[in-house]
Participant: 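Next up is a structure, given as structure tokens.
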Amino acid sequence: MKKITLNLFLPLLVAVASCSAPMTPDESEATSLAERILPEQSHHFEFEQLADTVDVFELESVGDKVVIRGNNANSMAVGLNHYLKNYCNTTVSWYDYNPLDMPEELPAVGEKVRVPALVDDRFFLNYCTFGYTMPWWGWKEWEHFIDWMALNGINLPLAITGQEAVWQKVWRKYGLTDEQIRSFFVGPAHLPWQRMCNLDRWDGPLPQEWIDSQAELQKKIVARERALNMKPVLPAFAGHIPAELAEVKPGIDTSRVSYWGGFANEYRCTFLSPMDPLFSEIQKEFMETEIEMFGTDHIYGVDPFNEIDSPSWDPETLARMSKDIYGSLVAADENATWLMMGWLFYADPTHWNQENIEAFLRAVPQDKLVLLDYYCEFTQIWEQTEKFYGQPYIWCYLGNFGGNTQLSGPFGLVSDRITQTLKDGGDNLVGIGSTLEGFGVNQFMYEYILDRAWDSKMTDGQWLEHLADRHFGSASESFRQAWKLMADRIYTIHSRTGNSALINAHPCLEGHWHWTTTYNTNYTVQDLWNAWELLLAEESDTDNYKYDIVNMGRQVLSDWFMVERDAFTQAYRKGDRKAMALHEERMIGVLDDMEELLASRKEFSLEDWITTARKLGADDAAKDYYEGNARTLISVWGDSYHLTDYANRSLSGMTSSYYKARWEMFFQDIHEAMEAGRPFDQKAFDKKIWDFECAWAEVDYKITCPEKTDELEVCRKLHEKYSKLIPEGK
């Protein structure tokens, strides 16, 4: 990496002046963040607070220091990140365990840089992220992630950790026992869907140690977020109650919500009408308890109808409900603002027609209801609703469902849509953000989205070159070509629910078996191969380089597996056993190669997912409970096949013990059917495989996780092996 030494000449007066002024609280927080991120080099940075009333940062080299100015700590953090990315060619990962590759000498800034924000709010997270990515996190992981959010300018994070402790206190006041309350709660990884009124009781009762520890964790989370000028979006009451409440409060206006996710009737939720006087009473109890425990920034997430039916689809009734929900908020906090996901309008366009949406939104006072336009890379609701009928909204990129590990993200389309929305989205466009369900494998897309909230004057081409340079560690023509190819040919389509490699899907002769495992690409295997070859054309020792070659190689193997499966099926239709044997052998080889490749990176580790879950348990029984919950989410998900594999992900340990085992069972059934002279019975096989999947989700099913491999070594080996197959499509 090219090193540039900072100019060491500086008038003494400036140096003395910069050292003598006491730091403001924001300067102190920015300094502390730098010390956490860059413990060995933080002394090279100085932070100065500007008097600007809008978000802005400045960069300037002054003597041997890089001076970063901003109107608050959050803006200063963005300035620091801008410097790291565009001058030091490095990227701070959202994971705490990834190293930060830094030059030994810090580059000079050159001309002074000043970059204002284009929008006031930068939102991040999704209820689901707390299940698909973060359920097992402790303070170590959260502390780093909050720093990552600040570095990327996020100032409106969803903050729903620890709310079960609040609810426990509230429901106790209404006479419910701890046994009833903890049995009402679902397992830790499934809590997001209970919080959205989709699911009750599944995999409960929730351990008391979990409830208590998460409350303490939330206190640390919101304190640090506020210190970095974020406004944590706390949950509020959306109408979801334990069914037992009707026993102590007879006559209340409740309804059972619609079935969700294929779960049995016993797991359905109970909804209290917002027009019932008890609704506002519970809201007040909850919010007062929550504020006492966690404080408030007066913005609350309330999502009463996520993927469930409203008790009524009459526009006047919908308007009354939203009016009363908002009324319950301000009765508890006169400064309350309601924030709501716009996902429901996308998910159920039949019921949420324009008349109903307008009625629901207009019943809330102007500027007191902020909408998240949830899935803008696919459909922009603001265009269909007269810009949400004047209510403030935030343009959001979703990008990942279930924590899946497919390459996805329409880079060019996203760029065009952000540009269009900033131009034509109206004065009520207040922010840009992301609503990712899980972290997945495409961190750079979220970095790009959040960079677009700031007026850096950087073109997409320049941004991609900087991305390539910081992943490689310096300017590399082949790496730049690879990323341009990926932006032009690979990253051209949005993520969909159940994005999946065929490897991770139920084995079948054609298609992808189920909606939870859909193959979603807009490129050829050869396009992908060409990008991988460009990444491997030069070597680097940066962690980002090693991640890129593994991530791209993993996708190459995933896509090639489908080619081999289709060839196997064609041979089966012809009764060509010799060709079947060839392609079966190759498919098993791909699975083994995938396992070896995934073992080189912690991001693709089943062992890490399970180990972090078990660490939360105080004894073996608790550890086993958390592990079982962790296994269930990423395999069968729930109590029926309906959501099986929705949270599929390519992980070492899981590929060999779960995905490969299913394909081996598939091949065995195929051969047994042929020997018996009968056609393969997919339905019978599906039942057999369901029994296996349920067994795998149990803790007593033994899993062997492989030893770590070397990224470059295994990529080189696999590149050589598949270079004889993929370029010619043999």
Side-chain angles (χ1 to χ4, degrees), residues 123-139 141-142 145-146 149 154-171 184-200 206 210-226 230-241 269 282-283 286-287 289-307 325 329 332-333 336-344 370 372 374 394 396 398 403 433-439 616 633:
F123 178 84
F124 206 65
L125 295 174
N126 176 322
Y127 288 86
C128 302
T129 330
F130 290 79
Y132 289 132
T133 294
M134 305 156 152
W136 320 119
W137 279 13
W139 177 239
E141 293 86 357
W142 266 106
F145 175 62
I146 294 168
M149 287 199 291
I154 294 156
N155 59 7
L156 201 62
L158 189 63
I160 58 174
T161 301
Q163 65 177 273
E164 286 66 40
V166 183
W167 281 121
Q168 187 175 51
K169 291 183 178 183
V170 171
W171 299 136
F184 164 66
F185 295 140
V186 300
H190 293 78
L191 281 170
W193 296 274
Q194 180 167 57
R195 294 164 177 171
M196 293 185 287
C197 199
N198 302 139
L199 183 64
D200 283 349
L206 190 64
W210 170 274
I211 296 171
D212 295 340
S213 66
Q214 292 295 295
E216 292 306 308
L217 180 59
Q218 174 76 334
K219 292 174 183 177
K220 294 180 180 179
I221 290 170
V222 296
R224 180 60 57 78
E225 288 177 344
R226 288 170 181 141
M230 302 179 194
K231 293 182 178 180
V233 179
L234 298 177
F237 180 51
H240 183 197
I241 61 172
C269 299
I282 293 174
Q283 185 76 274
F286 178 82
M287 289 177 62
T289 305
E290 179 177 55
I291 292 169
E292 181 181 355
M293 293 176 67
F294 307 134
T296 186
D297 293 274
H298 311 292
I299 183 162
Y300 303 94
V302 183
D303 293 282
F305 306 123
N306 178 71
E307 298 181 358
I325 289 172
L329 290 173
D333 178 355
T337 295
W338 175 6
L339 182 137
M340 191 179 81
M341 296 187 290
W343 173 258
L344 73 171
V370 179
L372 300 176
Y374 224 65
I394 297 173
C396 293
L398 204 162
S434 173
T435 51
L436 71 176
E437 283 195 358
F439 279 10
L616 295 175
L633 186 75

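What you see is a predicted model; the values in this text were computed from it and never measured.
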Participant: Of the options Arg195, Gln194, Gln214, which is the one that meets Glu164 in a side-chain hydrogen bond (donor to acceptor under 3.5 Å, both in side chains)?
Facilitator: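 It is Arg195; the other options fail the test.
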
Participant: Show every salt bridge (charged side-chain N to carboxylate O under 4.0 Å, His left out) that has at least one partner inside residues 184-193, sequence neighbours left out.
Facilitator: none

Participant: For the residue pair Leu398 and Trp343, establish whether any side-chain heavy-atom pair is separated by less than 4.5 Å.
Facilitator: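 Sidechains of Trp343 and Leu398: in contact.
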
Participant: Could you give me the CA-CA distance, side-chain angles and deciding distance for Phe124 and Leu436, then say whether side-chain contact (heavy atoms from CB on, under 4.5 Å) is met?
Facilitator: CA-CA 8 Å; Phe124 206 65; Leu436 71 176; 3.7 Å; yes

Participant: Determine whether Trp139 and Arg224 make a side-chain contact, defined as any pair of heavy atoms from C-beta on separated by less than 4.5 Å.
Facilitator: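 The answer is yes, as the side chains (C-beta and beyond) meet within the 4.5 Å cut-off.
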
Participant: Can a donor-acceptor pair be found, under 3.5 Å and without considering hydrogens, that links the side chain of Glu141 to the backbone of Gly138?
Facilitator: yes

Participant: Between Met293 and Gln218, is there a side-chain heavy-atom distance shorter than 4.5 Å?
Facilitator: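 Not touching, per the 4.5 Å side-chain cut-off.
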
Participant: Run the numbers on Trp171 and Ile282 for side-chain contact (heavy atoms from CB on, under 4.5 Å), then give the verdict.
Facilitator: CA-CA 9 Å; Trp171 299 136; Ile282 293 174; 4.1 Å; yes

Participant: Any side-chain heavy-atom pair from Ile325 and Pro304 closer than 4.5 angstrom?
Facilitator: yes

Participant: Could you give the distance from OG1 (Thr296) to NZ (Lys231), rounded to the nearest 0.5 Å?
Facilitator: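 Reported value, rounded in 0.5 Å steps: 10.5 Å.
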
Participant: Over all heavy atoms of both residues, which pair between Leu234 and Ala159 is shortest? Give the atoms and the distance, please.
Facilitator: CD2-O, 3.6 Å

Participant: Are Val370 and Leu156 close enough that some pair of their side-chain heavy atoms sits under 4.5 Å apart?
Facilitator: no

Participant: Kindly give the heavy-atom pair with the smallest separation between Phe185 and Gln168, and that separation in Å.
Facilitator: CZ-N, 4.4 Å

Participant: On a heavy-atom basis, which atom in Asp333 and which in His298 lie closest, and how many Å separate them?
Facilitator: OD2-ND1, 2.7 Å

Participant: Just checking, any donor-acceptor pair under 3.5 angstrom between side chains of Tyr127 and Asn306?
Facilitator: no

Participant: Tell me, do Phe305 and Cys197 make a side-chain contact under 4.5 Å, heavy atoms counted?
Facilitator: no

Participant: Which pair of heavy atoms, one from Leu633 and one from Gly131, lies closest together, and at what distance?
Facilitator: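 Looking at all heavy atoms of both residues, the closest pair is CD2-O, 3.3 Å.
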
Participant: Would you please test Phe123 and Thr435 for side-chain contact (heavy atoms from CB on, under 4.5 Å) and show each step?
Facilitator: CA-CA 8 Å; Phe123 178 84; Thr435 51; 4.0 Å; yes

Participant: State which residues pass side chain to side chain donor-acceptor pair (under 3.5 Å) with Glu292; sequence neighbours excluded, sorted by chain then number.
Facilitator: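 For Glu292, no residue satisfies side chain to side chain donor-acceptor pair (under 3.5 Å) once neighbours in sequence are set aside.
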
Participant: Rounded to the nearest 0.5 Å, what separates atom CZ in Phe184 from atom CD1 in Ile241?
Facilitator: 8.5 Å

Participant: Could you pull out all residues at least two apart from Asn126 that satisfy side chain to side chain donor-acceptor pair (under 3.5 Å)?
Facilitator: Tyr374

Participant: Phe237 versus Val302: any side-chain heavy-atom pair under 4.5 Å?
Facilitator: no

Participant: Using modelled atom types only, decide if a donor and an acceptor are shared between the side chain of Gln283 and the backbone of Leu329 within a distance under 3.5 Å.
Facilitator: no

Participant: Taking the side chain as every heavy atom from C-beta outward, state whether Phe439 and Thr129 have any atom pair closer than 4.5 Å.
Facilitator: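 They are in contact (side-chain heavy atoms under 4.5 Å apart), so the answer is yes.
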
Participant: Students often mix this up, so state it plainly: with edges at 30° and 60°, are the rings of Phe145 and Trp142 parallel, tilted or perpendicular?
Facilitator: perpendicular

Participant: Check Met134 against Leu125 and note the closest heavy-atom contact, atom names and distance.
Facilitator: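 Heavy-atom minimum between the residues: CE-CD2, 3.4 Å.
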
Participant: Measure centre to centre between the rings of Trp137 and Phe130, then say whether the value is under 6.0 Å.
Facilitator: no

Participant: Taking everything shown except Lys219 itself, do over 12 heavy atoms lie less than 6.0 Å from its NZ?
Facilitator: yes

Participant: Could you grab the distance from atom OG of Ser434 to atom CD1 of Ile394, nearest 0.5 Å is fine?
Facilitator: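 It is 11.5 Å, given to the nearest 0.5 Å.
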
Participant: First locate atom CG of Leu339, then atom CG of Asp303, and finally report the distance between them rounded to the nearest 0.5 Å.
Facilitator: 7.5 Å

Participant: Please report the interatomic distance OG1(Thr161) to CG(Leu217), rounded to the nearest 0.5 Å.
Facilitator: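 Those atoms lie 6.0 Å apart.
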
Participant: Would you name the heavy atoms of Leu199 and Val186 that are closest together and state the gap between them?
Facilitator: O-CG1, 3.8 Å

